[in-house]
Amino acid sequence: QVAAQDRTHNLAFAGIWDLPFGKNRAFLNNMGRIGQAIFGNWRANANLIYQTGVPLAAWRSWEFLCGNPLAIKRDENNWFNRDRNCYRQLLPFELIQLPARFHQIRSHTAPQLDVMLSKRFPFGDRYELEFRGEAFNATNTPLRGDPPSTNPSDPQFGILPVQQLNFPRNIQLGMRLRF
C-alpha cells in the first residue's frame, strides 16, 4: 500500500546566471566606474521545485460505482468525481475492501519558483558589500489543502479548500559586508 507521505515525483531545477553586462563580460564592458557600479556584474539565481501531492485518504462506508473517480474534467471545485449517484453508502457491517488511501487521487500541487538577484560591490582590497533581492514563491502560486474525501454527502466533498497552505510571495532584501 502507498504510504501517506508518498511523493512519487520530485523535480528540482536550480540555475545561476552571471548577467553579461559589465567589466570582463560580453556587453557594456567599457563602462565607467559609475556605470559599472549600477549595471555591471549582476547575478541571477532561480530554483524551480515541483513534486506530486500526497495520496488522499479513502472514503469509508461508501462504495464508488462509476469506474475511475478521476475520469472527469478536474478543477478546484471537482477534484474528483462528486456525482452523488456514483456513491452508495454501505450497510452496517457490509464487507468491502478499500485501501487506507488512494494511490491515484492526490492532494493539490503546483510548481514553486524562487528567484534571486545579487550584486557585489568590492571596495579596497579586503572589503566587499553584497546586495541581494530574493522572491520566494515568485509567481505567487498557491498550494491548496486537501478536499474532504470521507463523506460523499458532505457539500464540500471533492472541493479544494480556499485557504492557501504555502506562503504567498515573499520578497526579501538584504546586504552583507564581507571583510
Side-chain angles (χ1 to χ4, degrees), residues 1-57 70 72-80 100-149 156 158-179:
Q1 177 164 328
V2 67
Q5 300 81 14
D6 178 64
R7 294 197 180 263
T8 307
H9 304 288
N10 289 296
L11 171 69
F13 172 78
I16 300 173
W17 185 38
D18 287 333
L19 299 180
F21 308 106
K23 186 177 180 182
N24 298 326
R25 304 279 172 100
F27 303 105
L28 303 174
N29 55 14
N30 58 356
M31 290 186 288
R33 295 182 95 178
I34 296 174
Q36 176 66 26
I38 296 172
F39 299 111
N41 299 335
W42 285 88
R43 173 175 283 177
N45 294 18
N47 293 318
L48 177 67
I49 299 168
Y50 176 78
Q51 52 188 337
T52 54
V54 295
L56 296 181
L70 296 178
I72 59 164
K73 182 179 182 283
R74 290 180 81 189
D75 60 25
E76 294 175 351
N77 294 318
N78 293 294
W79 198 243
F80 45 81
R101 64 195 64 77
F102 296 111
H103 71 280
Q104 77 274 29
I105 304 177
R106 295 186 173 260
S107 61
H108 179 255
T109 186
Q112 300 293 299
L113 177 67
D114 301 331
V115 295
M116 189 266 297
L117 191 63
S118 68
K119 176 161 175 55
R120 293 181 178 172
F121 300 92
F123 56 95
D125 291 337
R126 293 183 43 198
Y127 301 104
E128 182 176 77
L129 183 66
E130 180 181 11
F131 167 76
R132 294 173 66 105
E134 298 169 306
F136 302 100
N137 190 9
T139 56
N140 204 23
T141 306
L143 293 178
R144 308 289 283 286
D146 296 340
S149 62
Q156 296 299 312
I159 298 174
L160 292 180
V162 175
Q163 70 268 19
Q164 182 173 340
L165 293 179
N166 61 336
F167 288 111
R169 179 186 305 119
N170 285 322
I171 296 176
Q172 172 178 298
L173 301 174
M175 296 186 98
R176 176 172 45 181
L177 177 64
R178 297 179 187 194
F179 54 93

Response to the item:
Heavy atoms of Leu165 and Gly145 approach each other most closely as CD1-CA, 3.5 Å
Worksheet entry | Atom pair OG/CZ of Ser118 and Arg176 - distance to nearest 0.5 Å | 9.0 Å
Worksheet entry | Side-chain touch Leu113/Val115, heavy atoms, less than 4.5 angstrom | yes
Worksheet entry | Lys/Arg cation over aromatic Trp79: Arg74, 6.0 Å, 45° cone | yes
Worksheet item: Short question: side chain of Asn77, backbone of Ile159 - any donor-acceptor pair under 3.5 Å?
Response: no
Item to complete: Would you mind checking if Glu130 and Lys119 are paired as a salt bridge, meaning a charged N to carboxylate O distance below 4.0 Å?
Response: no
Discussion item. Using a 6.0 Å cut-off, check whether atom CZ of Phe179 has over 12 heavy atoms from anything other than its own residue.
Written reply: no
Response to the item:
What one should report as the nearest heavy-atom pair of Arg144 and Pro161 is NE-O, 2.8 Å
Worksheet item: Where do Ala110 and Leu143 come nearest, in terms of heavy atoms and distance?
Response: N-CD2, 3.3 Å
Item to complete: Find out whether Pro55 and His103 are in side-chain contact, i.e. whether some heavy atom of one side chain is under 4.5 Å from a heavy atom of the other.
Response: no
Item to complete: List the steps, then state whether side-chain contact (heavy atoms from CB on, under 4.5 Å) holds for Asn41 with Arg120.
Response: CA-CA 8 Å; Asn41 299 335; Arg120 293 181 178 172; over 6 Å; no
Worksheet item: Is Trp42 close to Phe131 at the side-chain level, that is, under 4.5 Å between some pair of heavy atoms?
Response: yes
Practice prompt. Check step by step if side-chain contact (heavy atoms from CB on, under 4.5 Å) holds for Val54 and Arg7.
Written response: CA-CA 6 Å; Val54 295; Arg7 294 197 180 263; 3.9 Å; yes
Fill in: Heavy-atom side-chain proximity of Leu19 to Leu117 below 4.5 angstrom
yes
Item to complete: Would you indicate whether Phe136, at its atom CZ, is surrounded by more than 12 heavy atoms from other residues, nucleotides or ligands within a distance under 6.0 Å?
Response: yes
Practice prompt. Please round to the nearest 0.5 Å and tell me the distance separating atom CZ of Phe102 and atom CG of Leu70.
Written response: 9.5 Å
Practice prompt. Using a cut-off of 6.0 Å, state whether more than 12 heavy atoms not belonging to Leu177 lie near its atom CG.
Written response: yes
Worksheet entry | Side-chain touch Thr109/Tyr50, heavy atoms, less than 4.5 angstrom | yes
Worksheet item: Mind checking whether Asn78 and Lys73 have side chains closer than 4.5 Å, heavy atoms only?
Response: no
Discussion item. Quick check: closest heavy atoms across Ile105 and Phe80, and the distance to 0.1 Å?
Written reply: CG2-CD2, 3.7 Å
Fill in: side-chain hydrogen bond (donor to acceptor under 3.5 Å, both in side chains) evaluation trace for Asn166 with Gln164
CA-CA 6 Å; Asn166 61 336; Gln164 182 173 340; 3.0 Å; yes
Worksheet item: Does His9 reach the side chain of Gln51, with side-chain heavy atoms less than 4.5 Å apart?
Response: no
Worksheet entry | Nearest heavy-atom neighbours spanning Asp18 and Arg25 | CB-NH1, 3.7 Å
Worksheet item: Stepwise, does the side-chain contact (heavy atoms from CB on, under 4.5 Å) test hold for Arg126 with Arg178?
Response: CA-CA 8 Å; Arg126 293 183 43 198; Arg178 297 179 187 194; over 6 Å; no
Worksheet item: Is the CZ atom of Phe13 crowded by more than 12 outside heavy atoms at less than 6.0 Å?
Response: no
Worksheet item: Can you check whether Asn137's main-chain N or O pairs, donor with acceptor, with Asp114's side chain at less than 3.5 Å?
Response: yes
Practice prompt. With rounding to the nearest 0.5 Å, note down the distance linking CG in Leu56 to CG in Asp146.
Written response: 5.0 Å
Worksheet item: If you take all heavy atoms of Gly53 and Ser107, which pair is closest and at what distance?
Response: CA-OG, 3.4 Å
Discussion item. With a 4.5 Å cut-off on side-chain heavy atoms, are Arg106 and Thr8 touching?
Written reply: yes
